[in-house]
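Worksheet: the structure to be examined is printed underneath.
Below, all heavy atoms of this structure are taken into account, side chains as well, without hydrogens, waters or symmetry copies. FYI, the numbering just counts along the sequence from 1.
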Amino acid sequence: MTPPASTDVVALLRAAGCVFAEDEARLLAAAAAETGTALDALVAQRVAGSPLEHLLGWAEFHGLRVAVTPGVFVPRQRTAFLVDQAVELIRERTGHPVVVDLCCGSGALGLATARTVADEGRAVTLAAADIDPIAVECARRNLTPLGAPVYQGDLFHPLPAELRGCIDILLCNTPYVPSEMIARMPPEARDHEPRTALDGGPDGLDVFRRVAAEAAEWLSAEGHLLVEAGEDQAPIALAVLAEHGLAGRVAASDEHYATVVIGTRPR
């Protein structure tokens with residue numbers, strides 16, 4: 001079948017509610033040319049609700065092109081603020097920091113943090129973990145070139161014992177959407193991303209509580225846990241951190257519409 005003209009593609013995407021229809025049409029055309037996939041097939045999938053990033057095979061995140069495959073959580077642009085916070089904390093440390101990307105999905109947070117720090121002439125020891133085998137495979141595509149291992153398993157369970165008490169920066173993009181809100185999410189997230197990456201339980205903080213309960217024993221002295229949360233969840237998250245011996249604070253960005261809760265293990 002002859003692919004539709006670019007103006008037709010733009011019209012189809014715009015009718016489907018794609019805000020940046022012109023940009024998406026250009027990206028889909030490039031992906032079709034690179035992969036040999038029929039453009040009309042890609043457009044049909046996008047119109048049906050498939051995430052653009054799954055069709056392209058990558059997502060732009062923190063200035064990087066991160067590999068993203070179907071069935072894997074797509075990194076959100078607001079989460080770049082969490083990476084910025086992690087980089088600032090690394091700048092305050094000396095030596096060779098240990099960074100772990102927990103609930104890593106595609107590994108975007110660990111990748112962006114390590115690459116940003118490397119551009120400043122520093123190196124980190126990076127590892128990542130996720131419970132989803134599809135996410136683990138995707139993260140390995142992104143992180144293996146950095147020499148970073150990616151482990152499969154539930155939260156801290158698959159991490160090697162030698163990391164216990166040694167993690168300086170713990171990035172953890174836990175799911176934080178309350179269960180009852182999942183049905184109200186856009187179809188491209190609700191229908192195409194793993195529910196385990198979205199559903200945070202009744203108040204959105206179930207997985208965060210599990211991470212906070214174990215974080216202190218994995219963090220180094222003055223090590224930091226960084227988790228994205230909703231603005232209204234931050235006070236509860238701070239109380240959870242305090243309950244588990246971590247000093248908490250909140251960083252917020254109006255530009256990114258992002259809230260990051262940071263817990264620090266005392267020296």
Side-chain angles (χ1 to χ4, degrees), residues 79 81-105 107-118 120 122-131 136 139 143 146-176 200 204-229 233-252 258-267:
T79 311
F81 179 64
L82 188 152
V83 172
D84 292 340
Q85 295 300 301
V87 170
E88 287 293 333
L89 291 169
I90 290 172
R91 289 173 181 149
E92 296 172 1
R93 305 184 76 90
T94 58
H96 194 100
V98 175
V99 178
V100 170
D101 186 353
L102 205 62
C103 303
C104 69
L109 274 66
L111 176 66
T113 300
R115 289 282 295 273
T116 302
V117 171
E120 298 178 0
R122 293 189 63 188
V124 301
T125 296
L126 175 64
D130 199 285
I131 195 171
V136 168
L143 299 182
L146 302 183
V150 183
Y151 304 99
Q152 183 182 338
D154 187 28
L155 299 181
F156 297 97
H157 180 73
L159 296 180
E162 56 263 30
L163 286 177
R164 192 181 298 270
C166 296
I167 301 174
D168 300 305
I169 302 292
L170 179 57
L171 311 168
C172 195
N173 195 12
T174 58
Y176 63 93
L205 295 175
D206 278 4
V207 180
F208 168 75
R209 288 185 177 90
R210 293 181 59 213
V211 172
E214 295 189 59
E217 64 184 272
W218 287 90
L219 291 172
S220 62
E222 298 185 340
H224 307 284
L225 163 65
L226 295 91
V227 182
E228 189 171 85
Q233 295 170 325
I236 301 172
L238 290 175
V240 171
L241 292 175
E243 179 184 349
H244 295 290
L246 299 176
R249 66 180 178 90
V250 175
T259 300
V260 174
V261 178
I262 302 172
T264 302
R265 176 185 165 187
R267 178 172 289 279

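For Thr259, there are no side-chain hydrogen bond (donor to acceptor under 3.5 Å, both in side chains) partners at least two apart in sequence or on another chain. Applying the side-chain hydrogen bond (donor to acceptor under 3.5 Å, both in side chains) rule to Glu162 yields no partners; only residues at least two apart in sequence or on another chain are considered. For Glu92, the side-chain hydrogen bond (donor to acceptor under 3.5 Å, both in side chains) test picks out no residue, with sequence neighbours left out. Not counting sequence neighbours, the partners of Phe156 by the ring pair (Phe, Tyr, Trp, His ring centres under 6.0 Å) test are Trp218. Remark: Thr174 pairs with no residue by the side-chain hydrogen bond (donor to acceptor under 3.5 Å, both in side chains) rule, at least two apart or across chains. Listed by chain and number, the residues in a salt bridge (charged side-chain N to carboxylate O under 4.0 Å, His left out) with Glu222 are Arg267 (sequence neighbours excluded). Residues satisfying the side chain to side chain contact (heavy atoms under 4.5 Å, CB included) criterion with Pro175, sequence neighbours excluded, are Val207. By the side chain to side chain contact (heavy atoms under 4.5 Å, CB included) test, Ser220 pairs with Arg93, Asp168, sequence neighbours left out. Scanning for salt bridge (charged side-chain N to carboxylate O under 4.0 Å, His left out) contacts around Arg209 gives Asp203, Asp206, with sequence neighbours left out. The side chain to side chain contact (heavy atoms under 4.5 Å, CB included) check on Ala86 picks up Thr113, Ile169, Leu171, Leu226, with sequence neighbours excluded.
Closest heavy-atom contact between Gly245 and Pro266: O-CD, 3.3 Å. Nearest heavy-atom pair, Leu205 versus Ala237, reported as atom, atom and distance to 0.1 Å: CD1-N, 4.3 Å. Taking every heavy atom of both residues into account, Ala129 and Pro158 meet most closely at CB-CG, 4.1 Å. In plain terms, the two heavy atoms of Val211 and Cys172 that are nearest each other are CG2-SG, 3.7 Å.
Among the candidates Thr264, Ile236, Val261, the single residue satisfying the side chain to side chain contact (heavy atoms under 4.5 Å, CB included) test with Leu241 is Val261.
Contact annotation: the side chain of Ile90 approaches that of Val99 to within less than 4.5 Å [non-hydrogen atoms, C-beta and beyond]. Val124 has its side chain out of reach of Val98: every pair of non-hydrogen atoms, C-beta onward, lies at least 4.5 Å apart. The shortest side-chain heavy-atom distance between Leu219 and Leu170 falls under the 4.5 Å cut-off. In this structure, Pro97 and Arg122 have side chains that are in contact, with non-hydrogen atoms separated by less than 4.5 Å. By the 4.5 Å heavy-atom criterion applied to side chains, Asp130 and Val150 are not counted as neighbours. Between Val227 and Asn173 there is no side-chain heavy-atom pair separated by less than 4.5 Å. Taking the side chain as every heavy atom from C-beta outward, Ile262 and Leu225 never approach each other to under 4.5 Å.
Between Asp84 atom CG and Thr79 atom OG1 the span is 11.0 Å, to the nearest 0.5 Å.
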Point to revise | Test log, rule side-chain hydrogen bond (donor to acceptor under 3.5 Å, both in side chains), inputs Tyr176 and Glu228 | key: CA-CA 8 Å; Tyr176 63 93; Glu228 189 171 85; 2.8 Å; yes

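Here side-chain hydrogen bond (donor to acceptor under 3.5 Å, both in side chains) pairs that include residues 146-157, with residues two or more places apart or in two chains, are Asp154-Arg210. Residue pairs that meet the side-chain hydrogen bond (donor to acceptor under 3.5 Å, both in side chains) test with at least one member in residues 238-252, sequence neighbours left out, do not exist here.
Judged by distance alone, with hydrogens and angles left aside, the side-chain atoms of Asp101 form a donor-acceptor pair with the main-chain N or O of Gly110 at under 3.5 Å.
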